[in-house]
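Residue numbers start from 1 in every chain, and the chains themselves are labelled A, B, ... in the order their sequence lines are given, proteins ahead of strands. Side-chain atoms are counted along with the backbone in the values below, which use heavy atoms only and exclude waters and symmetry mates.
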2 protein chains.
Amino acid sequence: MNTTVTIDLQRASQLLKLLGDPTRLTMLKLLKSHECCVCEFVEIFKMSQPAISQHLRKLRDIKLVKEERRGQWIFFSINENHENYPFIQSILEHLPEQNESIAELEEQGLRVCCQ
Amino acid sequence: MNTTVTIDLQRASQLLKLLGDPTRLTMLKLLKSHECCVCEFVEIFKMSQPAISQHLRKLRDIKLVKEERRGQWIFFSINENHENYPFIQSILEHLPEQNESIAELEEQGLRVCCQ
DNA sequence: ACAGTTTATAATTATATGCTTATATACGCA
DNA sequence: TGCGTATATAAGCATATAATTATAAACTGT
């Protein structure tokens, strides 16, 4: 008996295409352990704010990430309830932790904390 | 102690981009259990021969598949010795078997066998 | 040597992608 | 209300991608 949950091939290729971009893949890996807001990604990737926003929109459109406004900032987090989260997770597991990026942000005092 | 083998993020996104196409992803899933030659793929995907060849070239360029000429035909197979094969395999595991495609070929007498 | 079959490659084209710049929107604070 | 900050969206543009058609190359069998 085969109990492995499989994922439709069209769907899988759609998800893989989204992950097949270094910026979005790193974003997801980061979001797996830390919430981040847009301005943090701008610092981490040294990329323009609209570019970051557009990547996040793609991830949000297929509901891989959630957003939550807190004051001025919008925090993004990974959507663990996504139908295909196990698939996504099994991919992210193979990637090295991106803690350095976050550590650097903190050193520079650029990490957004707002509780 | 963490013994998980990780894969460089740039490399991972490159591989995922390649898999992020339904034709190539299906090809790899098929090749995981059966060797196939180009003309078989042409039948399975109802796609032109050059289109198939070009997809296979991309998979071959990155060494995910091997080719072997036998007479008129060139058989493609998955390269299990690829450095990142464990990563690829962990993705393909989530996909449904594509046995129907091969079964249909056999029914139509289009399966190439040449031992 | 020649004809038929299989595959690869080159050139072209249409569409997709990812960035840029410009602008709009939403919020916090004085 | 007005200003500064954070984010989203729209438009434009350069490059990448995936198909097509045309052609070349490698092999088989006569």
Side-chain angles (χ1 to χ4, degrees), chain A residues 9-10 13-28 31 35-77 105 109-115, chain B residues 9-10 13-28 31 35-77 105 109-115:
Chain A
L9 230 141
Q10 293 296 324
S13 63
Q14 185 191 24
L15 291 169
L16 293 171
K17 187 174 213 170
L18 267 171
L19 302 198
D21 173 277
T23 304
R24 286 191 297 266
L25 189 60
T26 309
M27 278 177 165
L28 281 176
L31 289 176
E35 293 187 320
C36 285
C37 64
V38 179
C39 59
E40 290 174 326
F41 282 133
V42 170
E43 281 303 320
I44 291 171
F45 293 107
K46 307 294 180 205
M47 202 177 276
S48 76
Q49 175 267 316
I52 295 294
S53 258
Q54 282 159 25
H55 281 301
L56 284 168
R57 181 161 62 161
K58 290 188 182 185
L59 294 175
R60 196 194 49 194
D61 281 351
I62 53 162
K63 299 187 173 35
L64 276 184
V65 302
K66 299 176 293 183
E67 58 176 284
E68 183 192 329
R69 181 179 277 277
R70 288 192 217 138
Q72 281 176 294
W73 299 281
I74 298 180
F75 284 78
F76 284 83
S77 59
L105 270 196
L110 294 170
R111 184 104 175 103
V112 175
C113 298
C114 57
Q115 339 296 345
Chain B
L9 229 141
Q10 294 295 324
S13 63
Q14 185 190 25
L15 291 169
L16 293 171
K17 188 174 211 167
L18 266 173
L19 303 197
D21 173 278
T23 304
R24 287 192 296 267
L25 189 60
T26 309
M27 279 176 163
L28 281 177
L31 289 176
E35 293 187 318
C36 285
C37 64
V38 179
C39 59
E40 290 173 326
F41 282 133
V42 170
E43 282 302 321
I44 290 171
F45 294 107
K46 307 294 181 207
M47 204 177 276
S48 76
Q49 175 267 316
I52 295 294
S53 257
Q54 284 159 25
H55 280 302
L56 285 169
R57 180 160 63 161
K58 291 189 181 187
L59 294 176
R60 195 193 51 194
D61 281 352
I62 204 171
K63 298 186 171 40
L64 277 183
V65 302
K66 298 176 294 184
E67 58 176 283
E68 184 190 330
R69 181 177 276 278
R70 288 189 216 139
Q72 282 176 291
W73 299 280
I74 298 181
F75 285 77
F76 284 82
S77 58
L105 269 195
L110 294 170
R111 185 106 175 102
V112 175
C113 298
C114 56
Q115 345 292 346

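When heavy atoms are screened at a 4.0 angstrom cut-off, A:Phe76 is found touching the sugar-phosphate backbone but no base atom.
The side-chain hydrogen bond (donor to acceptor under 3.5 Å, both in side chains) search around B:Glu68 returns B:Arg70, not counting sequence neighbours. In this structure B:Arg69 satisfies the salt bridge (Lys or Arg N to Asp or Glu O under 4.0 Å) test with no other residue, sequence neighbours excluded. Every residue two or more places apart in sequence or in another chain that forms a side-chain hydrogen bond (donor to acceptor under 3.5 Å, both in side chains) with B:Gln49 is listed here: B:Ser53. Judged as a side-chain hydrogen bond (donor to acceptor under 3.5 Å, both in side chains), and not counting sequence neighbours, the contacts of A:Gln14 are A:Arg11. In this structure, the side-chain hydrogen bond (donor to acceptor under 3.5 Å, both in side chains) partners of B:Arg60, at least two apart in sequence or on a different chain, are B:Glu67. Looking at residues two or more places apart in sequence or on another chain, you find a ring pair (Phe, Tyr, Trp, His ring centres under 6.0 Å) between A:Phe41 and A:Phe45.
In this entry the distance linking CH2 of A:Trp73 with P of D:dA8 reads 15 Å, nearest Å. Rounded to whole Å, atom C1' of C:dT5 lies 15 Å from atom CD of B:Glu40. If you measure from atom CD of B:Glu43 to atom P of C:dT6, you get 10 Å, rounded to the nearest angstrom. Taking atom CZ of residue B:Arg57 and atom P of nucleotide D:dA16, one finds them 16 Å apart after rounding to whole Å. At whole-Å resolution of the value, CD in A:Glu68 and C1' in D:dA6 are 16 Å apart. Atom CD1 of B:Ile74 and atom C1' of C:dT7 are 5 Å apart (whole Å). A straight line from CZ of B:Phe75 to C1' of C:dT7 spans 13 Å, rounded to a whole angstrom.
The one candidate from A:Leu31, A:Leu56, A:Val65 that meets the side-chain contact (heavy atoms from CB on, under 4.5 Å) condition with A:Cys36 is A:Leu31.
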Return a single string for nucleotides 11-24 of chain C, one symbol per nucleotide in 5' to 3' order, where B is base contact, S is sugar-phosphate-only contact and - is none, cutoff 4.0 angstrom on heavy atoms. ------SSBBBB--
Take nucleotides 25-30 of chain C nucleotide by nucleotide from the 5' end and write B, S or -, depending on whether a protein heavy atom sits under 4.0 Å from the base, only from the sugar-phosphate, or from neither. --SS--
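Judged by distance alone, with hydrogens and angles left aside, the side-chain atoms of A:Gln54 form no donor-acceptor pair with the main-chain N or O of A:Ala51 at under 3.5 Å.
Pairs engaging residues 41-53 of chain A under the salt bridge (Lys or Arg N to Asp or Glu O under 4.0 Å) rule: A:Glu43-A:Lys46 [sequence neighbours left out].
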